[in-house]
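Accompanying notes for the structure given below.
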Protein chains: 2
Amino acid sequence: MTARPQRADAARNRRLLLAAAADEFAEHGLDASVADIATRAGVGKGTVFRHFATKDDLIAAILIDRMAELSALGERLLAAADAEAALREFLTAAARQRQERDLSFLAAASESIPEVTAARQRMLDAVDALVGRARDLGVLRPDVTGADVFLLMCAPNYIAGYVPDASPDLWRRYLALILDGLRPEAARPLPAEAPYLS
Amino acid sequence: MTARPQRADAARNRRLLLAAAADEFAEHGLDASVADIATRAGVGKGTVFRHFATKDDLIAAILIDRMAELSALGERLLAAADAEAALREFLTAAARQRQERDLSFLAAASESIPEVTAARQRMLDAVDALVGRARDLGVLRPDVTGADVFLLMCAPNYIAGYVPDASPDLWRRYLALILDGLRPEAARPLPAEAPYLS
DNA sequence: CACTAAGCGGACCGCGCGGTCAACTTGGTA
DNA sequence: TACCAAGTTGACCGCGCGGTCCGCTTAGTG
């Protein structure tokens, strides 16, 4: 019943593949080919499909890893003393992760894979908790929700990404601008209801 | 020397093709195939390439049309009495255009085509003027530039686009949030320099 | 050390893409 | 109306993709 554990070389190749794929996607977008990923990892193309049934499965595995990383950070930050700083730190970490390797376009390719949805939900829960705490303490305007912040999270890199030879820190500027809009001082009534996320 | 003018049916087909291509790209993203575009326009595939040498040229033509539309609006709004309302109206129009048909992904595909760069520059100039006026009147924080606003312009739809079954007005929420961050009241010092665009 | 199943590699397949071309049709002109 | 350059068409081409498959290699075991 209990299957034999994975062989050592197979485990190593799986790790190599995930890293190579992340790099290759970051460089060439969704069009990065499976063959190139295999070459970069130093394995044959067949090996890719032994570990990941389809290209979409490979994408999903990458996304799950990255989201889990952020979720863990968010959960840790819930214990921090300063709620505002905790939220800012979380958003900064998310933006930094994406600055290093922008893989946001992968998200669209693997909707509907349950493990991805679950990882996403865990991250949303973490954000929700961080936001709730900050809002209760009055450092966040009362009309923004966890879902709002979850969505805004990706914006700073997106904005900075339009600048061809941008400073690698440009996203900080737009993160700061967005955070200024989230504070109670500047709040004017918001049109449209806050969205409900899965 | 003066070439004979384009035939009437050719001009009609060109218009049909641009419309069909915009629809097809909006529905299927960059992967929309030239063959499908031709079918949708009711012409043969060869006709597409008679009007647009490559797929990228077709994309460029679409982008130029859309940007020209916004540029004209921006230039008109410079004469408006209320500078803050003018800027808000411009950003609203830009977001509405993109809400109807999101073609933002096309921008990356046709960098480096001079006509696209020129159309983009004209739009940037219009935004710059609108922003300058609003800033001088004190309704915008002094540390944001035209380039900042130009970049932020695309963010509300991007953010709302992550919500699967979003209200078609959700972008208004995030546009309002961003505008709140642009007002002087909430301003805290911004990290990173403002970017310089083209 | 011998055995075996897990793992590996890369030639191979079918497909759909962007782009070409030569035979055909048609709008505009004199 | 007769003419022809401009315009149209869809079969066709080569390519690179995701995915398959089977003969070979190798890690782990008794």
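Letters A, B, ... mirror the listed sequences (proteins, then strands); counts begin at 1.
Atom CD of A:Gln6 and atom C1' of D:dA27 are 13 Å apart (whole Å). The nearest whole Å value for the distance from the NE2 atom in B:His28 to the P atom in C:dC17 is 11 Å. With rounding to whole Å, B:Ile37 atom CD1 is found 15 Å from C:dG16 atom C1'. The distance from atom CZ of A:Arg12 to atom C1' of D:dT26 is 12 Å, rounded to the nearest whole Å. Taking atom CZ on B:Arg7 and atom C1' on C:dT26, their separation rounds to 5 Å, with Å as the unit. One can place CZ of B:Arg14 at 12 Å from P of D:dG7, the figure rounded to the nearest angstrom. Taking atom CG on A:Leu17 and atom P on C:dC8, their separation rounds to 9 Å, with Å as the unit.
Checking side-chain atoms of A:Arg172 against main-chain N and O of B:Pro191 turns up no donor-acceptor pair under 3.5 Å. Distance alone, capped at 3.5 Å, places no donor-acceptor pair between the B:Thr47 side chain and the B:Val43 backbone.
Nearest heavy atom pair, residue A:Arg135 against residue A:Val144, reads NH1-O, 2.7 Å.
Counting non-hydrogen atoms of neighbouring residues, nucleotides and ligands closer than 6.0 angstrom, the CD atom of B:Glu193 reaches no more than 12 such neighbours. Summarising the local packing, CD of A:Glu89 is surrounded by 12 or fewer heavy atoms from other residues, nucleotides or ligands at distances under 6.0 Å.
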Show me, pair by pair, the donor-acceptor contacts under 3.5 angstrom made by side chains of residues 160-167 of chain A, not counting sequence neighbours?
{"residue": "A:Tyr162", "atom": "OH", "partner": "A:Tyr158", "partner atom": "OH", "Å": "3.2"}
{"residue": "A:Ser167", "atom": "OG", "partner": "A:Asp169", "partner atom": "N", "Å": "2.9"}

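Looking at residues 40-60 of chain A, you'll see A:Lys45, A:Phe49, A:Thr54, A:Lys55 sit with a heavy atom under 4.0 Å from some atom of DNA chain D. Residues from residues 29-36 of chain A placing a heavy atom under 4.0 Å of any atom in DNA chain C do not occur.
Considering A:Leu87, A:Leu152, A:Val139 as possible partners of A:Leu182, the one that fulfils the side chain to side chain contact (heavy atoms under 4.5 Å, CB included) test is A:Leu152.
Donor-acceptor pairing under 3.5 Å is lacking for the side chains of B:Tyr174 and B:Asn157.
Look at A:Asn13 and you'll find a side-chain N or O under 4.0 angstrom from OP1 or OP2 of C:dC8.
Here B:Arg183 does not pair with A:Asp180 in a salt bridge; the nearest charged N to carboxylate O distance is not below 4.0 Å.
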